[in-house]
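This report refers to the structure that appears directly beneath it.
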Amino acid sequence: MTAQDPYPKLTAAEHAQVGWYVARMAKRCVAGEDVDRSDLERKVERILDGARKRAEKSQ
């Protein structure tokens with residue numbers, strides 16, 4: 001991970017999970033702006049944190 005690249009390299013499974021969560025967030029946004037989507041945002045952040053730790057460990 002470089003200074004210009006803010007996101008870590010994701011595995012295929014992580015890409016699929018993040019895509020699924022983003023689609024669910026979009027669906028909730030369509031339902032209304034007052035719908036809470038913080039649980040899905042936390043799940044995406046957890047995936048990104050795990051990928052960052054893996055990238056740091058491999059260096």
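Using a distance-only test at 3.5 Å, with no hydrogens or angles considered, a donor-acceptor pair links the side chain of E14 to the main chain of T11.
With sequence neighbours excluded, the residues satisfying side chain to side chain donor-acceptor pair (under 3.5 Å) with S38 are D36.
Taking both residues in full, the closest heavy atoms of R28 and D39 are given as NH1-OD1, 2.7 Å, listed atom of the first, atom of the second, then distance.
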Exercise answer: donor-acceptor pairs, residues 41-50 side-chain atoms, under 3.5 Å, sequence neighbours excluded:
unit_1 : atom_1 : unit_2 : atom_2 : d
E41    : OE2    : R37    : NE     : 3.4
D49    : OD1    : R52    : NH1    : 3.0

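Under the 4.5 Å side-chain contact rule for hydrophobic residues, V35 and V22 do not share a cluster.
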